[in-house]
Amino acid sequence: MLTIALPKGRLMDRVLHLLKKAEIIETTGYAESRKLIIEDPKAKLRYILAKPTDVPTYVEHGVADLGIVGKDVLRESERLVYELLDLGVGKCRMIVAVSQQSNLIQIQELGFSAKVATKYPNITTDFFRSHGIQSEIIELNGSIEIAPIIGLADAIVDITETGTTLKENGLRIIGDVCSISARLIANHASYKLHYKELQDILEKLEEVCE
Ligand code: PRP
């Protein structure tokens, strides 16, 4: 039986619909259950419904053979896993934003004295370093958009999908970090040991991914 780690939360519905379209699962009802492990003996598959940030951990440690997770979480985790496929769902951008009232126009104006709040300290450090910028990074776990409003940071690095959260909190984009979407990832050993089964799932998903 293969184990697939799925991300609970905002990606879940889109991922379940994709798995159903690919005829890997029969129902999208998993999201309504409070069960954290769901078995499908007929398909010889088991699903772990995980916190998105834990999906790469499960896959790296081999307790899940496959996982589905956003590229933001995957890059930030720096876990050693294979990235097999861009599923094309959960598309959004990772951006740098400041308050509408800020004088900052471009990221190069952020310097030693600037504070940047983010859920993604690794990605932010890499991105700023590649642009020769060294700012203080303040790690938060959510509601990042609050930081400039309450004076905790001069800028934020966060994901935006519709742009509503930025707009409603009076923030303006000054830089683009990368584009994000959901990825299929695999454990290194599983990829070799269960190559045929993993390839079968990969091909089914390739046919339906957007
Ligand atoms: C994400 C992100 C933004 C918001 C952007 O937060 O951190 O806050 O979505 O979406 P929008 O552009 O469509 O408004 P999430 O809902 O995952 O929760 P969080 O604030 O706890 O990270």
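Worth saying up front: this structure is predicted, and the values here are computed from it rather than measured. Sequential numbering from 1 along the given sequence is applied to the chain's residues. As the structure lists them, so they are numbered: ligands from 1, and atoms in each ligand from 1.
Taking OG1 of T118 as the start and CE of M94 as the end, the distance is 6.5 Å to the nearest 0.5 Å. Atom CG of residue D158 and atom CG of residue L166 lie 7.5 Å apart, to the nearest 0.5 angstrom. One distance of note links OG of S77 with CD1 of I185; it measures 7.0 Å at 0.5 Å rounding.
Of the charged side-chain nitrogens involved, none lies within less than 4.0 Å of a carboxylate oxygen, so that E145 and K119 do not count as a salt-bridged pair. Between E161 and R93, no side-chain nitrogen of the basic residue sits less than 4.0 Å from a carboxylate oxygen of the acidic one, so the salt-bridge criterion is not met.
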With the criterion set at N/O pairs under 3.5 Å, what does the list of contacts between the protein and ligand 1 look like, atom names and distances included?
{"residue": "ligand 1", "atom": "7 (O)", "partner": "D158", "partner atom": "OD1", "Å": "3.1"}
{"residue": "ligand 1", "atom": "7 (O)", "partner": "D158", "partner atom": "OD2", "Å": "2.7"}
{"residue": "ligand 1", "atom": "8 (O)", "partner": "E145", "partner atom": "OE1", "Å": "3.2"}
{"residue": "ligand 1", "atom": "8 (O)", "partner": "E145", "partner atom": "OE2", "Å": "2.7"}
{"residue": "ligand 1", "atom": "9 (O)", "partner": "R10", "partner atom": "NH2", "Å": "2.7"}
{"residue": "ligand 1", "atom": "12 (O)", "partner": "T160", "partner atom": "OG1", "Å": "3.0"}
{"residue": "ligand 1", "atom": "12 (O)", "partner": "E161", "partner atom": "N", "Å": "2.8"}
{"residue": "ligand 1", "atom": "12 (O)", "partner": "T162", "partner atom": "N", "Å": "3.1"}
{"residue": "ligand 1", "atom": "12 (O)", "partner": "G163", "partner atom": "N", "Å": "2.8"}
{"residue": "ligand 1", "atom": "13 (O)", "partner": "T162", "partner atom": "N", "Å": "2.9"}
{"residue": "ligand 1", "atom": "13 (O)", "partner": "T162", "partner atom": "OG1", "Å": "2.5"}
{"residue": "ligand 1", "atom": "14 (O)", "partner": "T162", "partner atom": "OG1", "Å": "3.4"}
{"residue": "ligand 1", "atom": "14 (O)", "partner": "T165", "partner atom": "N", "Å": "2.9"}
{"residue": "ligand 1", "atom": "14 (O)", "partner": "T165", "partner atom": "OG1", "Å": "2.4"}
{"residue": "ligand 1", "atom": "16 (O)", "partner": "R10", "partner atom": "NH2", "Å": "3.0"}
{"residue": "ligand 1", "atom": "20 (O)", "partner": "S143", "partner atom": "N", "Å": "2.9"}
{"residue": "ligand 1", "atom": "22 (O)", "partner": "K119", "partner atom": "NZ", "Å": "2.4"}

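At least one donor-acceptor pair under 3.5 Å links the side chain of E109 to the backbone N or O of Q106.
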